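Atoms within a ligand are numbered from 1 in the order they appear, just like the ligands themselves. Note that the structure is a prediction, hence the values are computed from the model and not measured. Nothing fancy with the numbering, it's 1 onward along the sequence.
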Amino acid sequence: MNFLEERIKKDGIVKEGNVLKVDSFLNHQMDIELFEQIGEEFKRRFADKNINKILTIEASGIGIACITARYFNVPVVFAKKSKSINLEGEMYVAEVESFTHKCKNQVIVSKKFLNPEDHVLIIDDFLANGCALQGLISIVNEAGASVEGIGIVIEKGFQTGGQTIRNLGYRLESLAIIDAMDAADGNIVFRRQEK
Ligand code: 5GP
């Protein structure tokens with residue numbers, strides 16, 4: 001088990017509805033030492049890539065992206081969730097359906113902060129059905145920038161997002177991949193990774 005899998009086993013709580021709660025260390029209270037290990041690991045996995053910008057989505061991705069950015073020495077841009085439907089012109093816009101909140105949001109990034117010269121690493125906390133990632137990818141594409149890689153902290157491998165994104169040809173690295181989890185007994189099964 002890697003450092004993250006160990007922490008998920010210790011402090012993660014499996015909820016009904018295929019939701020893993022990790023709010024004691026990842027997305028409410030944040031363990032910054034763990035974030036540093038996460039950032040270092042992303043740097044190791046994407047060492048061969050020339051990355052000049054990290055893109056994430058508010059809110060839970062921001063902390064992870066910021067610590068990771070220290071290892072790449074690059075700025076972070078986060079996509080903002082917006083309820084407004086009239087955001088054109090100066091913004092890249094994508095529609096994203098939230099897995100946890102079951103609602104649709106438009107996510108926006110100012111055109112000032114993404115351009116065709118950018119080589120982007122996308123970072124997020126969870127990958128479930130891949131809707132958030134598809135939105136971020138479409139924003140990078142709209143900007144004419146390139147997606148160099150995608151770094152996810154926890155992929156729920158029993159949902160469709162990971163396979164869809166890999167089938168599209170993206171280099172997707174998930175630090176922990178959960179193949180099964182059970183709300184009744186709290187058991188979590190991780191996919192073996194040769195990393
Ligand atoms: P997707 O768009 O891939 O379906 O869902 C990704 C987003 O939903 C993530 O950014 C994350 O915020 C949230 N999410 C999805 N599944 C879980 C989960 O099991 N636990 C938590 N805490 N968040 C999740």
Side-chain angles (χ1 to χ4, degrees), residues 4-5 7-31 34-35 38-39 42 54-69 76-83 92-109 120-141 147 149-191:
L4 182 66
E5 293 165 343
R7 188 58 179 271
I8 294 167
K9 274 259 187 228
K10 183 167 155 271
D11 292 328
I13 299 166
V14 183
K15 296 282 192 190
E16 291 295 341
N18 286 334
V19 171
L20 177 69
K21 233 170 144 50
V22 285
D23 60 354
S24 65
F25 61 95
L26 192 70
N27 48 29
H28 195 161
Q29 174 168 262
M30 298 182 282
D31 179 337
L34 182 81
F35 279 30
I38 289 169
F42 281 139
I54 289 178
L55 177 67
T56 188
I57 182 165
E58 70 176 354
S60 305
I62 296 175
I64 300 154
C66 287
I67 303 286
T68 301
V76 174
V77 175
F78 67 90
K80 296 186 175 203
K81 291 175 182 162
S82 163
K83 295 268 180 265
Y92 300 116
V93 184
E95 186 139 297
V96 168
E97 189 163 0
S98 163
F99 174 78
T100 38
H101 300 111
K102 310 282 178 225
C103 66
K104 279 192 180 172
N105 276 309
Q106 286 196 313
V107 297
I108 58 171
V109 171
V120 179
L121 174 63
I122 296 176
I123 294 284
D124 204 3
D125 58 341
F126 270 91
L127 172 55
N129 293 323
C131 203
L133 272 189
Q134 301 260 24
L136 294 177
I137 291 168
S138 88
I139 283 175
V140 175
N141 289 339
V147 177
I150 300 169
I152 295 291
V153 180
I154 304 172
E155 174 180 337
K156 291 188 292 181
F158 54 87
Q159 291 182 259
T160 57
Q163 191 166 1
T164 306
I165 300 289
R166 290 187 180 93
N167 285 348
L168 289 169
Y170 291 103
R171 164 93 168 270
L172 167 63
E173 296 278 349
S174 300
L175 304 191
I177 304 178
I178 296 176
D179 271 337
M181 59 186 201
D182 188 340
D185 61 9
N187 196 37
I188 299 173
V189 179
F190 294 102
R191 189 173 303 171

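Put simply, part of Asp125 is less than 4.0 Å from ligand 1, judged by heavy atoms. Contact between Gly130 and ligand 1 is present, with at least one heavy atom of the residue lying under 4.0 Å from the ligand. Residue contact annotation: Asn18 has a non-hydrogen atom under 4.0 Å from ligand 1.
Looking only at protein heavy atoms, the nearest one to atom 2 (O) of ligand 1 is Ala132 N, 2.8 Å. For atom 10 (O) of ligand 1, the closest heavy atom belonging to the protein is Asp124 OD2, 3.0 Å. Atom 20 (N) of ligand 1 has as its closest protein heavy atom Leu20 O, 2.8 Å. Of all protein heavy atoms, the one lying nearest to atom 7 (C) of ligand 1 is Phe126 O, 4.3 Å. From the protein, the heavy atom lying nearest to atom 15 (C) of ligand 1 is Phe99 CD2, 3.3 Å. With hydrogens left out, the protein atom closest to atom 17 (C) of ligand 1 is Lys156 NZ, 3.4 Å, a heavy atom. Regarding atom 4 (O) of ligand 1, its nearest protein heavy-atom neighbour is Asn129 N, 2.8 Å. Regarding atom 24 (C) of ligand 1, its nearest protein heavy-atom neighbour is Thr100 CG2, 3.5 Å.
Considering backbone and side-chain atoms together, Ala128 places an N or O closer than 3.5 Å to an N or O of ligand 1. For ligand 1, the polar-atom distance check finds no N/O of Val19 at less than 3.5 Å from any of the ligand's N/O atoms.
Using a distance-only test at 3.5 Å, with no hydrogens or angles considered, no donor-acceptor pair links the side chain of Lys156 to the main chain of Phe126. One N or O on the side chain of Thr56 and one on the backbone of Ile123 form a donor-acceptor pair closer than 3.5 Å.
Sparse packing is recorded around CD of Gln163, with 12 or fewer heavy atoms of other residues, nucleotides or ligands lying under 6.0 Å away. Within a 6.0 Å sphere centred on NZ of Lys9, heavy atoms belonging to other residues, nucleotides or ligands number more than 12.
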>> For a side chain to side chain contact (heavy atoms under 4.5 Å, CB included) check, start with the C-alpha distance between Val76 and Thr68, then their side-chain angles and the critical distance, and finish with the verdict.
In response: CA-CA 9 Å; Val76 174; Thr68 301; over 6 Å; no
> Under the side chain to side chain contact (heavy atoms under 4.5 Å, CB included) criterion, do Leu26 and Ile154 qualify, and how do the steps go?
Replying inline: CA-CA 10 Å; Leu26 192 70; Ile154 304 172; 4.0 Å; yes
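Residues Asp125 and Ile152 approach most closely at O-CG2, 4.0 Å, considering heavy atoms. In this structure, Val22 and Gly12 approach most closely via the heavy-atom pair CG1-CA, 4.2 Å.
Within the model, atoms CG of Asn27 and CD1 of Ile62 stand 12.5 Å from one another, a figure rounded to the nearest 0.5 Å.
Among Val96, Ile139, Asn129, Ile165, the single residue meeting the side-chain contact (heavy atoms from CB on, under 4.5 Å) criterion with Gln134 is Ile165.
Residue Asn27 approaches ligand 1 through these ligand atoms, each under 4.0 Å from one of its heavy atoms: 22 (N). Counting atoms of ligand 1 from 1 in the listed order, those under 4.0 Å from a heavy atom of Cys131 are 1 (P), 2 (O), 3 (O).
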